[in-house]
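This is a predicted model, so every value here is computed, not measured. Positions are given from 1, in the same order as the sequence printed here.
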Amino acid sequence: QVQLVESGGGLVQAGGSLRLSCTASGRTSSTYAMGWFRQAPGKEREFVAAINWSGGRSLYADSVKGRFTISGDNAKNTVYLQMNSLKPEDTAVYYCAADQTMGVFISASRYDYWGQGTQVTVSS
């Protein structure tokens with residue numbers, strides 16, 4: 001089992017920045033893939049970014065490419081999502097996800113473990 005706890009959400013003006021953190025505990029030694037997803041009110045959960053712990057390979061949704069950066073700190077069992085140039089349409093609950101399969105995944109169904117989510121609100 002892997003437990004995930006997100007932090008770092010909040011209210012920010014358009015153009016601002018936030019950094020989300022997701023700390024994993026439990027069987028972290030066999031956790032290979034980490035991802036960030038988001039869900040806005042009335043919309044389905046969507047992929048934001050993903051990273052593979054071992055190789056550092058990462059993927060981004062087109063909507064955040066060039067503005068968001070996913071990174072990981074193995075020593076701290078923590079993955080980060082640095083969000084710059086935020087837009088009102090980035091407003092959502094952001095979820096961290098983890099899986100014990102090696103790879104980089106954009107589909108939510110590939111992840112076995114999820115955090116509780118952290119709210120990000122971008123005002124115009």
Side-chain angles (χ1 to χ4, degrees):
Q1 290 289 328
V2 176
Q3 294 78 43
L4 303 173
V5 178
E6 303 103 331
S7 62
L11 173 64
V12 64
Q13 289 188 333
S17 298
L18 282 175
R19 188 177 78 158
L20 305 183
S21 299
C22 173
T23 300
S25 60
R27 294 183 59 186
T28 58
S29 61
S30 58
T31 300
Y32 298 110
M34 301 289 290
W36 285 97
F37 291 77
R38 66 187 182 186
Q39 188 166 18
K43 295 187 177 181
E44 294 187 352
R45 190 170 299 190
E46 65 174 1
F47 169 74
V48 176
I51 191 169
N52 177 276
W53 274 125
S54 59
R57 182 189 171 202
S58 58
L59 288 174
Y60 296 91
D62 287 343
S63 60
V64 307
K65 203 171 293 184
R67 300 187 298 122
F68 291 10
T69 302
I70 189 171
S71 62
D73 186 333
N74 286 342
K76 297 181 178 180
N77 292 322
T78 299
V79 64
Y80 304 98
L81 185 68
Q82 178 66 43
M83 306 185 295
N84 299 328
S85 302
L86 282 162
K87 305 175 182 180
E89 51 264 44
D90 293 319
T91 295
V93 177
Y94 283 70
Y95 296 91
C96 174
D99 194 74
Q100 296 174 322
T101 303
M102 189 172 293
V104 185
F105 310 119
I106 64 173
S107 173
S109 63
R110 293 300 303 266
Y111 293 89
D112 288 333
Y113 305 102
W114 292 83
Q116 82 288 351
T118 185
Q119 177 71 47
V120 171
T121 303
V122 184
S123 63
S124 57

Is it the case that the side chain of Y111 and the backbone of F105 share a donor-acceptor pair, with hydrogens and angles ignored and the cut-off at 3.5 Å?
yes
Hey, is CG on L59 packed in by over 12 heavy atoms from elsewhere, all under 6.0 Å?
yes
For Y80 against D73, the heavy-atom pair lying closest together:
CE1-CB, 4.0 Å
Residues A33 and T101: closest non-hydrogen pair is CB-O, 3.7 Å
Could you measure the distance from the OG1 atom of T69 to the CE atom of M83? Nearest 0.5 Å is fine.
11.0 Å
Heavy-atom nearest pair, C22 first then W36, reads CB-CZ2, 3.6 Å
Any donor-acceptor N/O pair, E6 side chain to G117 backbone, under 3.5 Å
yes
Is D62 salt-bridged to K65, cutoff N-O under 4.0 Å?
yes
If hydrophobic clusters are built from ILVMFWY residues whose side chains come within less than 4.5 Å, do Y60 and V48 share one?
yes
T23 and T78: side chain donor to acceptor below 3.5 Å
yes
What orientation do F68 and Y94 show, parallel under 30°, tilted 30 to 60°, or perpendicular over 60°?
tilted
Smallest separation among heavy atoms of R57 and V104, with atom names
O-CG2, 3.7 Å
Do the side chain of N52 and the main chain of G103 share a donor and acceptor less than 3.5 angstrom apart?
yes
Membership question, hydrophobic clusters at under 4.5 Å side-chain separation (ILVMFWY): are V64 and I106 in the same one?
no
Assigning hydrophobic clusters by single linkage (Ile, Leu, Val, Met, Phe, Trp, Tyr; side-chain heavy-atom cutoff under 4.5 Å), is V120 placed with F47?
no
Between OG1 on residue T91 and CD on residue Q119, distance to nearest 0.5 Å:
7.5 Å
Distance-minimising heavy-atom pair for G115 and Y95
O-CD2, 3.7 Å
Hey, what do you get for CD (Q1) to CG (D112), rounding to the nearest 0.5 Å?
9.0 Å
Shortest non-hydrogen pair, C96 vs L4, comes out as O-CD1, 3.7 Å
Just do the side-chain contact (heavy atoms from CB on, under 4.5 Å) check on R38 and S63 with the steps written out, would you?
CA-CA 12 Å; R38 66 187 182 186; S63 60; 3.5 Å; yes
If hydrophobic clusters are built from ILVMFWY residues whose side chains come within less than 4.5 Å, do V2 and L81 share one?
yes
Please report the interatomic distance CD(Q13) to OG(S124), rounded to the nearest 0.5 Å.
9.5 Å
Rounded to the nearest 0.5 Å, what separates atom CD1 in I70 from atom CE in M34?
7.5 Å
Do the numbers put R45 on top of the ring of F37, so that NZ or CZ is under 6.0 Å from the six-membered ring centre and no more than 45° off the axis?
no
